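The next block holds one structure in the form of structure tokens; read it before the comments.
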Amino acid sequence: MDTIIAVLTADEEENERILERAAQIIKRGGLVAFPTETVYGLGASALDADASSKIYAAKGRPSDNPLIIHLASAADASNYAYVNQAFESLAEKFMPGPVTAILKKRDNIPITVTGGLDSVAVRVPESTVARRLIELAGVPIAAPSANLSGKPSPTSARHVTEDLSGRVDMIIDGGDTNIGLESTIIKLDEDAPTLLRPGKVTLEQLTELYGEVRLDKAVTQKLYKGERPLAPGMKYRHYAPKASLTLVDADDDTFISFVSDKADGSTAVIACDEDTDALLCAGYEEKDILSLGKREDIISHAASLFALLRTCDERGYIRAYARLPEKEGLSLALYNRIIKAAGYDIIKP
Ligand code: AMP
Ligand code: MG
């Protein structure tokens, strides 16, 4: 199929025409990739079982890995899910925003969308482009990340085009995404709220809201064979670069000395701006030092991580090293994504 690629600019009227065209495609059961504040999403009507099935086919996504439905307003959630007090509190504090709630689903959401589950994931994106598209489509939009299954989530339209050109009807280019990591997912359909996937809305913020929040084991640990995470998507090896990625559990100096004798032209180091000089001295070429940004700027690390993992693939590195992130605040989201990318290969020098 031919994929329309439409670039959003400062021309608001033209942007509106682009979004109207995209909305028509969604209404007719087609696929549109669009920017959100987290990562790019691959959208289809969440009320149309056939349309949402096309998402799985285009991504090569296993059919038991459910989709998140995107709404223009939190007030719409009750049309598709059984909302509760915990959801109302979340919506008041964090919606629109980078957080997804798992609730018991209503019958109008097909089980192809929920991977066979009787719960549904609901999110109201902060991105005005995403919300306008949902409004114009007049239906909730089911959208996982717009990457091929197993690749890092796309944070730019170029990433989407590389993965999905020819497989979707339209790609809307809205520039680089702001946050760069997927939404926080919190399960609210049972007594105790449980964090299934960390993101920009942090465990600490959610604990402040609810008093107590459980952490699904799959967020920080490898599961045993046959063990099931609460978010089915967490069992798949996500975000995996082709290079073998090893995480180094060490302080800054130990990390630098550990990677120092490993420069060989086919090894990349994912590090911070402050590490550059020491790595150059250790024999790394500038191009093989992939910086997440300034050491304290975790927001920049989040925004850069997936693009750097794709860079590793493009440059054909055989090995890559990165420091193991902390488990606090937004770093917990980085920790969760990067341990999966590394296939849990963690070394403590
Ligand atoms: P993606 O949109 O690619 O970030 O993937 C969506 C994530 O949401 C996957 O990890 C799913 O497993 C998770 N998810 C979606 N619906 C549900 C649900 N009903 N219960 C638990 N997790 C869900
Ligand atoms: Mg995904």
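For reference, positions follow the sequence shown, starting with 1. Order of appearance sets the numbers: ligands from 1, and atoms from 1 within every ligand. Just so it is clear, the structure is predicted and the values come from calculations on it, not from any experiment.
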Worksheet entry | Asp251 side chain to Thr254 side chain, donor-acceptor N/O pair below 3.5 angstrom | yes
Fill in: Side-chain donor-acceptor pair present, Ser153, Arg337, cut-off under 3.5 Å
no
Response to the item:
Candidates Pro144, Ala81, Ser119; heavy atom nearest atom 2 (O) of ligand 1 found on Pro144
Worksheet item: Of Lys105, Arg61, Glu182, which has the heavy atom at the shortest distance from atom 6 (C) of ligand 1?
Response: Arg61
Are [X] and [Y] ion-paired here, with the side-chain N under 4.0 Å from a carboxylate O?
X	Y	result
Arg132	Glu135	yes
Lys151	Glu162	no
Asp288	Arg315	no
Asp189	Lys187	yes

Under 4.0 Å from a heavy atom of [X]: which atoms of ligand 1 are those, numbered in the order shown and with their elements?
X	answer
Ser145	1 (P), 2 (O), 3 (O)
Ile185	7 (C), 8 (O), 13 (C)
Leu67	15 (C), 16 (N)
Leu117	18 (C), 19 (N), 20 (N)
Ala231	12 (O), 21 (C), 22 (N)

Discussion item. Check this for me: Arg131, atom CZ, are more than 12 non-hydrogen atoms of other residues, nucleotides or ligands nearer than 6.0 Å?
Written reply: yes
Worksheet item: Below 3.5 angstrom, do we get any N/O pair linking Lys59 and ligand 1?
Response: no
Worksheet item: With a 4.0 Å cut-off on heavy atoms, is Arg197 touching ligand 1?
Response: yes
Discussion item. Taking a cutoff of less than 4.0 Å between a non-hydrogen atom of the residue and any ligand atom, is Asn65 in contact with ligand 1?
Written reply: yes
Worksheet item: Would Met95 and Ile102 show up in the same hydrophobic cluster when neighbours are defined by side-chain heavy atoms closer than 4.5 Å?
Response: no
Fill in: N, O or S atom of Ser153 closer to the Mg ion (ligand 2) than 2.8 Å
no
